[in-house]
Amino acid sequence: MLAPALDARLEAVLALVEAEAHADIGSDHAHLPIRLIREGRAGRCVVVELNPGPLALARRNVARARLHDHIEVREGDGFAPLLPGEVDSASVSGMGAGTITGILRRAGERLPPALVLQPNDSARTLRLWARENGHHLKAERLIPGHWPYPVLRLERRDGPDPAYADLPEQAALRYGPHLLREGSEVLLKLVRADIARLTPLAAPGRTAGVELDAALSALAVLGGQ
Ligand SMILES: C[S@@+](CC[C@H](N)C(=O)[O-])C[C@H]1O[C@@H](n2cnc3c(N)ncnc32)[C@H](O)[C@@H]1O
């Protein structure tokens, strides 16, 4: 296997990684690290897998690609199998934002300074985690698929994240400050769908009302009507 095909969301993750040493947490098939090495986007990779089936699959694919000198496959939970400072970057993709946030919270001093995250649901929790834990949002993508998949690149930085400047806070946390500024068709469609879904549910003080307000202010930033 020379260069496994990736779906569009993993292609977006791939394009946001640039590292000497990179860890792919919850890799499953190890297709992402294989492509990272093949394309020179990482010099060395560590694959971490919790479950025996995906662990065996990752080992098999790395061996078939003849990349065992560049990719090491380790069994374990999140960042636990890594030493502090061992990698300068990590990806966590294809899981719920709650699961990803749990993995980040447990990482402690093993957490590298750059992260590429792709949750299968809203990235709001991850953006909040980034703001509370000294990471800035450096890039965001929204990839069409079964639903729109957010992909975030975070980097450890001091001070408030300038990406949020001059944007309505709740809209930026829900939809992404870079994505709001870029204003793609995919985002506009998502915001409109949220407004249609939330309007009949919204009442003052209810969660749906707060989410509807965020969607309406996002629409205003996007210049929609
Ligand atoms: C849905 S797959 C996503 C695979 C791949 N990252 C992708 O985006 O296509 C999630 C993978 O993460 C693994 N996983 C879940 N929680 C994990 C954890 N805490 N540590 C390591 N691996 C984990 C699962 O075994 C599974 O292989």
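Every number for a ligand or one of its atoms is a count from 1 in the order of the listing. Keep in mind that the numbers below use all heavy atoms, side chains included, and drop hydrogens, waters and symmetry copies.
Within ligand 1, counting atoms from 1 as listed, the ones closer than 4.0 Å to a heavy atom of I103 are 18 (C), 19 (N). Set against the non-hydrogen atoms of G76, the atoms of ligand 1 under 4.0 Å away are 20 (N), 21 (C). Counting atoms of ligand 1 from 1 in the listed order, those under 4.0 Å from a heavy atom of N51 are 24 (C), 25 (O).
The proximity of S27 to ligand 1, defined as any non-hydrogen pair under 4.0 Å, is limited to the backbone. In T99, neither the side chain nor the backbone holds a heavy atom less than 4.0 Å from any atom of ligand 1. At a heavy-atom distance under 4.0 Å, only side-chain atoms of P54, from C-beta outward, approach ligand 1. Within the 4.0 Å heavy-atom criterion, the part of L10 lying near ligand 1 is the side chain and not the backbone.
Closest protein heavy atom to atom 19 (N) of ligand 1: D77 OD1, 2.8 Å. Protein heavy atom nearest atom 3 (C) of ligand 1, with residue, atom name and distance: S93 O, 3.6 Å. The closest protein non-hydrogen atom to atom 1 (C) of ligand 1 is G94 O, 3.2 Å. Atom 27 (O) of ligand 1 has E49 OE2, 2.5 Å as its closest protein atom, hydrogens excluded (heavy atom only). For atom 6 (N) of ligand 1, the closest non-hydrogen atom of the protein is G26 O, 2.8 Å. For atom 20 (N) of ligand 1, the nearest non-hydrogen atom of the protein is G78 N, 2.8 Å. Of the protein's heavy atoms, L50 CD2, 3.9 Å lies nearest to atom 16 (N) of ligand 1.
Contact annotation: the side chain of L137 approaches that of H178 to within less than 4.5 Å [non-hydrogen atoms, C-beta and beyond]. Between L67 and N61, every side-chain heavy-atom pair lies at or beyond the 4.5 Å cut-off.
A cation-pi arrangement, defined by a distance under 6.0 Å to the six-membered ring centre and an angle within 45 degrees of its axis, is absent between R106 and F79.
Side-chain atoms of R156 do not come within 3.5 Å of backbone N or O of H135 as any donor-acceptor pair. Checking side-chain atoms of D24 against main-chain N and O of V47 turns up no donor-acceptor pair under 3.5 Å.
A salt bridge does not link E211 with R206: every distance from a Lys NZ or Arg NE/NH1/NH2 to an Asp or Glu carboxylate oxygen is 4.0 Å or more. Ion pair R9/E11 not flagged as a salt bridge, since none of the NZ, NE, NH1 or NH2 atoms sits closer than 4.0 Å to an Asp/Glu carboxylate oxygen. A salt bridge between D69 and R44 is absent, with no side-chain N of the basic residue lying under 4.0 Å from a carboxylate O of the acidic one. Between R74 and E86 there is a salt bridge, with a side-chain nitrogen of the basic residue lying less than 4.0 Å from a carboxylate oxygen of the acidic one. Salt bridge R41/E39: absent, no basic N to carboxylate O contact under 4.0 Å.
R9 counts as a contact of ligand 1, since one of its heavy atoms falls under 4.0 Å from the ligand. Heavy atoms of G102 stay at 4.0 angstrom or farther from ligand 1.
Note: no N/O pair closer than 3.5 Å links M95 and ligand 1 by distance alone.
Donor-acceptor pairing under 3.5 Å is recorded for the side chains of R124 and Q170.
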